[in-house]
K.L.:
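One structure, as structure tokens, below. Some questions next.
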Amino acid sequence: MGGCICCSSQVQYSTVRCPLGELSPTHECATWHHTAPPTSRHTCRSELWCQCGRRTRVMTLEQRVISADELGAHASRGDCWTAIHGKVYDVTSFLDQHPGGAKVMLKYAGIDSSQAFDMAGHPKDIVSKLGLDHLFVGVADASVQPDKSGASDAHGAIQQIQGIPPIDTMLSLFDIEAVARQVMNPTAWNYYSSGADDEVTMRENHAAFHRIWFRPRVLVNVKQIDLRTTIMGYPSALPIYITSCALGRLAHPDGECVLTRAAHTAGVIQMCPTLASCTLDEMLEASHASQTLFFQLYVNHDRAVTSRLIQKAKAGGVKAVAITVDAPQLGRREKDMRGKFDLAGSNVQQTDDSAGKIDRSQGAARTISAFIDPSLCWADIEWLKKECHPMKVLLKGVQTAEDAVKAVEYGLDGIICSNHGGRQMDFARSGIEVLAEVMAALKARGLQGRIEVLVDGGIRRGSDVMKALALGASAVGIGRPTLYGMASYGQPGVEKVLRILQDEMEMGMRLIGAPTIADISPNMITLRNLGDHISPVPIDELSAYTYEKLRTTSKL
């Protein structure tokens with residue numbers, strides 16, 4: 001669509017005529033493109049007909065400038081525009097798809113919503129990521145100013161509290177998590193800390209490590225401990241990488257760029273998420289020239305969008321792409337969903353609910369799932385490998401030995417044993433249990449060494465990292481702890497998280513008799529109880545205290 005110079009009306013494809021005749025579904029010209037193959041091709045950029053009946057030039061949307069008065073004229077349920085960072089969008093057709101309901105967006109109908117947009121943790125390129133570029137109608141002029149009313153209630157607002165403990169008093173990752181719980185906006189905390197359904201798998205991710213026990217070796221020279229390693233062929237100071245987590249600005253105004261800078265300081269790799277609050281360009285700009293970055297990819301149903309993301313990562317020097325394969329639809333995270341409704345108010349979607357337009361049971365997953373392609377399958381892997389070349393390609397979310405073996409057969413460079421932080425299928429096994437099964441299957445088939453295996457989920461101690469390495473993982477991914485560190489203390493908090501793990505690993509490797517990462521071997525652990533999902537273990541007081549139980553919002 002475009003704007004007519006004569007009448008300033010918005011011109012749809014179907015109402016534009018070329019001097020050579022009416023446009024049909026099979027017609028294409030230099031200005032207007034149609035899905036069907038063209039029967040002719042010519043230049044008619046300067047002479048087009050608008051429905052006003054006058055032959056004139058039709059300007060592009062980038063040329064159309066919208067004033068505050070014009071923006072304000074579109075402030076109703078049936079005609080809703082809003083401005084975000086200098087661009088104006090017609091969101092009328094998107095109102096019912098917004099996870100908070102139509103009334104949340106109608107609050108910013110006809111005005112600039114940039115500040116609320118930022119406070120909600122959205123990346124600036126989320127419109128393109130969700131395939132909503134067609135909603136763009138023009139650029140806002142200087143008269144359009146951000147609306148600041150209610151911005152403090154936005155989803156990502158961070159509460160500033162008095163008496164936050166000094167960072168030097170943080171002795172474990174659980175200490176930092178406890179601080180984050182107090183510092184963060186309750187809605188942001190609910191988003192980060194929630195798991196799928198009854199959150200059994202989320203808790204099991206951590207608990208499973210308690211069923212692996214060490215078999216320390218003695219009289220080993222452990223004067224010097226070396227934690228250096230390689231991940232997917234790239235050097236890392238620790239066998240740890242910062243894994244992808246969405247919406248970093250819910251924890252800190254600088255979002256994932258904080259993680260990028262902290263990763264460089266610590267000498268570890270960051271996996272940049274598709275659904276980051278910061279754009280990939282911003283994370284690349286925040287990175288050091290010598291820094292190694294990976295990219296986590298959700299495959300869009302529009303393959304052109306996916307291709308653009310991959311090419312941007314490639315152009316930015318990203319070294320590997322981890323394709324998320326455990327999320328054809330996002331899981332139900334009830335604590336997060338309750339938080340969203342509490343923030344919006346009990347009647348925020350009353351009209352939409354009564355009309356049957358909003359399925360409140362799906363929460364934020366409705367919008368996210370709108371662009372994730374549920375048809376993604378093994379047949380797409382060859383195309384993805386070609387698109388990503390020369391970047392290495394991993395599958396993130398492998399949960400069985402069968403799929404791990406298949407990944408080898410399809411020539412993938414790596415896999416990540418993961419259940420999405422317990423946020424997808426409840427009662428899926430922990431990543432560490434899947435890792436044990438995968439490594440045994442690869443070894444039995446003579447495939448060990450043919451593919452690199454990583455793991456994430458539930459890691460809170462340096463000993464957890466050591467157990468994963470003993471099972472055969474080359475590295476582990478840390479997600480929530482880095483977000484909690486960022487929420488509590490900013491970049492120093494993320495660095496503190498990594499330093500705590502480093503200190504715990506140095507001590508642990510001395511005590512089990514492993515001076516280097518290569519010296520951590522399978523015979524240093526026992527797995528007899530790993531698959532027993534009901535077994536007596538010592539009470540994990542820190543985890544039990546920090547974990548927030550589910551509570552109903554009903555008033556009986």
Side-chain angles (χ1 to χ4, degrees), residues 123 125 128-129 230-236 240-246 248 256 259-260 263 268-276 278-287 291-328 368 371-373 375-399 403-404 406-418 420-421 450-456 473-479:
D125 59 352
S128 295
K129 286 180 179 178
T230 61
I231 304 175
M232 301 304 298
Y234 297 97
S236 177
I240 296 169
Y241 64 95
I242 298 177
T243 193
S244 55
C245 294
E256 291 78 9
L259 303 179
T260 305
V268 301
I269 295 170
Q270 179 194 14
M271 182 179 290
C272 303
T274 295
L275 294 177
C278 302
T279 65
L280 181 57
D281 287 336
E282 289 172 330
M283 287 180 276
L284 290 170
E285 185 176 347
S287 67
Q291 188 172 352
T292 300
L293 296 177
F294 294 169
F295 180 62
Q296 172 268 332
L297 176 69
Y298 282 116
V299 176
N300 197 299
H301 58 76
D302 183 347
R303 290 295 191 265
V305 173
T306 297
S307 182
R308 286 198 299 270
L309 284 172
I310 292 172
Q311 297 311 313
K312 178 176 290 189
K314 191 185 301 184
V318 171
K319 303 302 182 184
V321 176
I323 303 167
T324 295
V325 293
D326 60 1
I368 303 300
F371 83 90
I372 297 175
D373 186 1
S375 72
L376 180 68
C377 63
W378 289 102
D380 298 304
I381 294 300
E382 198 60 37
W383 175 79
L384 286 165
K385 285 170 57 183
K386 289 179 180 178
E387 285 288 313
C388 292
H389 183 77
M391 297 183 292
K392 297 189 175 182
V393 181
L394 306 85
L395 297 187
K396 181 179 183 295
V398 170
Q399 298 175 74
D403 284 337
K406 205 161 187 177
V408 177
E409 295 170 350
Y410 274 78
L412 289 154
D413 299 297
I415 60 171
I416 304 174
C417 298
S418 171
H420 216 101
R450 291 270 304 275
I451 193 168
E452 192 156 336
V453 183
L454 313 177
V455 65
D456 67 31
S474 60
V476 304
I478 305 294

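Excluded from the calculations below are hydrogen atoms, water molecules and symmetry mates; all remaining heavy atoms, backbone and side chain alike, are included.
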K.L.:
Looking only at heavy atoms, which two atoms of Ala327 and Tyr298 are closest? And how far apart?
P.N.:
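Residues Ala327 and Tyr298, closest heavy atoms: CB-CE2, 4.1 Å.
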K.L.:
Should Val299 and Leu384 count as side-chain neighbours, where that means a heavy-atom distance under 4.5 Å?
P.N.:
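The answer is yes, as the side chains (C-beta and beyond) meet within the 4.5 Å cut-off.
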K.L.:
List the steps and the verdict of side-chain contact (heavy atoms from CB on, under 4.5 Å) for Phe294 and Ile231.
P.N.:
CA-CA 10 Å; Phe294 294 169; Ile231 304 175; 4.1 Å; yes
K.L.:
Give a yes or no on whether Gln311 atom CD has more than 12 heavy-atom contacts from other residues, nucleotides or ligands under 6.0 Å away.
P.N.:
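Yes, because the 6.0 Å sphere around CD of Gln311 holds more than 12 heavy atoms from other groups.
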K.L.:
Between Met283 and Thr260, what is the shortest heavy-atom contact and its length?
P.N.:
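Taking every non-hydrogen atom into account, O-CG2, 3.5 Å.
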K.L.:
Which pair of non-hydrogen atoms, one from Thr230 and one from Glu452, has the smallest distance, and what is that distance?
P.N.:
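Closest approach of Thr230 to Glu452, heavy atoms only: O-OE2, 4.1 Å.
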K.L.:
Which residue in the set Ile416, Ile242, Leu394, Asp456 passes side chain to side chain contact (heavy atoms under 4.5 Å, CB included) when paired with Met271?
P.N.:
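Going through the options one by one, the only one that passes is Ile416.
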K.L.:
Short question: side chain of Ser307, backbone of Ala304 - any donor-acceptor pair under 3.5 Å?
P.N.:
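It does not hold such a pair.
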K.L.:
Quick check against the 3.5 Å criterion: does Thr274 have a side-chain atom that pairs as donor or acceptor with the backbone of Gln296?
P.N.:
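Such a contact is found between Thr274 side chain and Gln296 backbone.
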K.L.:
So, does Lys392 use its side chain to make a donor-acceptor pair with the main chain of Lys319 at under 3.5 Å?
P.N.:
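Answer holds: no.
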K.L.:
Measuring only between side-chain heavy atoms, which start at C-beta, is Gln270 closer than 4.5 Å to Glu256?
P.N.:
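Side-chain contact under 4.5 Å: yes.
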K.L.:
Kindly give the heavy-atom pair with the smallest separation between Val325 and Val398, and that separation in Å.
P.N.:
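Between these two residues, the closest heavy atoms are CG2-N, 4.4 Å.
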K.L.:
Work out which heavy atom in Leu280 is nearest to a heavy atom in Phe295; give both atom names and the distance.
P.N.:
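So the minimum-distance heavy-atom pair works out to CD1-CD1, 4.2 Å.
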K.L.:
Once rounded to the nearest 0.5 Å, what's the spacing between atom CG of Asp403 and atom CG of Asp326?
P.N.:
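Going from the CG atom of Asp403 to the CG atom of Asp326 covers 11.0 Å.
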K.L.:
With rounding to the nearest 0.5 Å, note down the distance linking CG in Leu297 to CD1 in Ile323.
P.N.:
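CD1 of Ile323 is found 6.0 Å from CG of Leu297.
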K.L.:
About how many Å separate CH2 of Trp378 and CG of Leu395, when rounded to the nearest 0.5 Å?
P.N.:
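It is 5.0 Å, given to the nearest 0.5 Å.
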K.L.:
Just so I know, are the side chains of Val453 and Val455 near enough to count as touching, which here means a heavy-atom distance under 4.5 Å?
P.N.:
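SC-SC contact between Val453 and Val455 ruled out.
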K.L.:
Mind running side-chain contact (heavy atoms from CB on, under 4.5 Å) on Ile269 and Met232 for me, showing each step along the way?
P.N.:
CA-CA 10 Å; Ile269 295 170; Met232 301 304 298; over 6 Å; no
K.L.:
Within the structure provided, determine whether Asp373 and Arg303 are in side-chain contact (heavy-atom separation under 4.5 Å).
P.N.:
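Sidechains of Arg303 and Asp373: in contact.
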K.L.:
Within this structure, what is the CD1-CG distance for the pair Ile372 and Asn300, rounded to the nearest 0.5 Å?
P.N.:
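With rounding to 0.5 Å, CD1 (Ile372) is 9.0 Å from CG (Asn300).
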K.L.:
Looking at side-chain heavy atoms only, is the closest gap between Thr324 and His420 below 4.5 Å?
P.N.:
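The answer is yes, as the side chains (C-beta and beyond) meet within the 4.5 Å cut-off.
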K.L.:
Which value, rounded to the nearest 0.5 Å, describes the distance between Ile451 atom CD1 and Asp413 atom CG?
P.N.:
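Spacing of CD1 (Ile451) from CG (Asp413) equals 7.5 Å.
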K.L.:
In Å and rounded to the nearest 0.5 Å, what is the CD to OG1 distance from Glu387 to Thr306?
P.N.:
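The distance works out to 9.0 Å.
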K.L.:
Shortest non-hydrogen contact from Ser236 to Val268?
P.N.:
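Ser236 and Val268 have their closest heavy atoms at OG-CA, 3.8 Å.
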